[in-house]
2 protein chains.
Amino acid sequence: MKSEKKQGRPRAFDARTVIGQAREVFWDRGFSAASLDTLSAATKLNRPSLYGAFGDKEELYLDALEGYREESLDVLSEALDPALPLRENLARVYDRALAIYLHGETAARGCFLISTATAEAIQHARVREVLGRSLNDFDDAIKERMELAVKRGELPADADPATLARLASAVMHSLAVRARAGDTRETLEALAHSGVDLICGRK
Amino acid sequence: MKSEKKQGRPRAFDARTVIGQAREVFWDRGFSAASLDTLSAATKLNRPSLYGAFGDKEELYLDALEGYREESLDVLSEALDPALPLRENLARVYDRALAIYLHGETAARGCFLISTATAEAIQHARVREVLGRSLNDFDDAIKERMELAVKRGELPADADPATLARLASAVMHSLAVRARAGDTRETLEALAHSGVDLICGRK
DNA sequence: CATATTTTATACCGTTTCGCATAAAAATCT
DNA sequence: AGATTTTTATGCGAAACGGTATAAAATATG
């Protein structure tokens, strides 16, 4: 079924690639300020092609958000490899986050979700939904590792994994905001380091 | 000089009030999605009046950001009253923050700066500047109180006030983002509470 | 009261916006 | 090969956009 070739003229583009290119535009400008002209130029797709494949601008943006959420969860769970000590896990989480937040031609871009979806979250319920769900997913991924840490004795037996996870996420949220505001890598790394100390207990 | 009545037709509005009304619009929609029609309606000012008094849309937005920054600093330093114990100070900071973040007809509005200025920070350097400066000011205000706490013995002598202040701010940033994402007051209060515990030491 | 000055109101201008109609192009199916 | 189906390209169109020209209204000054 799925592998059968579709009738008609084949697409000259890969949908995931296009969503990724659109994401770059949204990341730099935000949803509202990103025009279809700019998106069309960045993806090298004419507007009718964009509409045919993804629907309107909001749906394309939602696709970009979903893609980011999924990729971020992958990065997160890779960083949380239970074979490593918890302290190292957290350090890796922040390290991977900073790699994303400080990447791009615009040195300081921050987190795609936090920097662009928050602005639209009031007016666009579906954006708010993705934002909320993503934050929860990140919390949950960290919580799982925290639960393991309690079982293993890496954390005190009375530590609450869910609470610690949300605090760990809080540091990540702050990294995201501060990166967008133009903080230097050194400053951000210092915050990350102190966050690890605070949550895992000072070494 | 200043109190001399200006020649010509007097203004029928108070500039600070108008900036406040404009802020409500920007807060809900973000900078880019806020149209001059909407701003004009919300302030009950015709467009030429807006332009005469504040310049273009970006300058009006910058005025709104500055006003928010100043008011927030006032709220912050009031919450950090050194007559109270540090733990109570921090709890008040988060309490006041949540009062702002959860206020408004749109239940979950978050922080004006973090929710709207981050989106524009890449394309508009002046917005990024205000955002960065505001975050620094908040950090500094908390740092001052932390320094006092170290002197007083509320915190260990080897605690670093600047670091602790930025971690305290991190929790606030997370509250801001999560409020905008639609988290309930209970959830946010729990995060605030655990943040106080973590930074001041569990009671 | 006449003049100067500033604010307000109406209306408009050129541009950009999003989205689509139309038709050509490129593939599969019969 | 011809019919069918889907994607691409060009270009349009109505609406909304930010911003301003113009003139009336309201005050201070002389």
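Just so it is clear: chains get the letters A, B, ... in the order the sequence lines come, proteins before strands, and each one is counted from 1.
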To the nearest angstrom, how far is [X] atom [atom1] from [N] atom [atom2]?
X       : N      : atom1 : atom2 : value
B/Arg11 : D/dT27 : CZ    : P     : 15 Å
A/Leu50 : D/dA9  : CG    : P     : 11 Å
B/Leu60 : D/dG19 : CG    : P     : 11 Å
A/Glu59 : C/dG19 : CD    : C1'   : 13 Å
B/Lys57 : D/dC17 : NZ    : C1'   : 9 Å
B/Asn46 : D/dA21 : CG    : C1'   : 15 Å
A/Tyr51 : D/dT7  : OH    : C1'   : 17 Å
B/Arg47 : C/dA9  : CZ    : C1'   : 12 Å

Of all the nucleotides listed ([options]), which has the minimum atom distance to the side chain of [X]?
X       : options                : value
A/Pro10 : C/dT8, C/dA26, D/dC12  : C/dA26
A/Leu36 : C/dT8, D/dG19, C/dC18  : C/dC18
B/Ser35 : C/dT7, D/dG18, D/dT6   : D/dG18
B/Arg9  : C/dG19, D/dT8, C/dT6   : C/dT6
B/Asp37 : D/dC17, C/dG19, D/dT29 : D/dC17

- Side-chain N,O (A/Ser49) to OP1/OP2 (D/dT7) below 4.0 Å: no
- Message: Taking CD in A/Glu144 as the centre, count heavy atoms belonging to other residues, nucleotides or ligands within less than 6.0 Å. Is the count above 12?
- Response: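 Atom CD in A/Glu144 is not packed in, count stays at 12 or less.
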- Is the CD atom of A/Glu129 crowded by more than 12 outside heavy atoms at less than 6.0 Å?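 Yes, CD of A/Glu129 has more than 12 neighbouring heavy atoms, counting only those of other groups under 6.0 Å.
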With heavy-atom distances below 4.5 Å as the criterion, would you say the side chains of [X] and [Y] are in contact?
X        : Y        : result
A/Glu120 : A/Glu58  : no
A/Leu39  : A/Phe26  : yes
B/Phe138 : B/Leu113 : yes

[X] near the nucleic acid: base, sugar-phosphate alone, or nothing, with a heavy-atom cut-off under 4.0 Å?
X       : value
A/Ala53 : nothing
B/Pro48 : base
A/Ala34 : sugar-phosphate

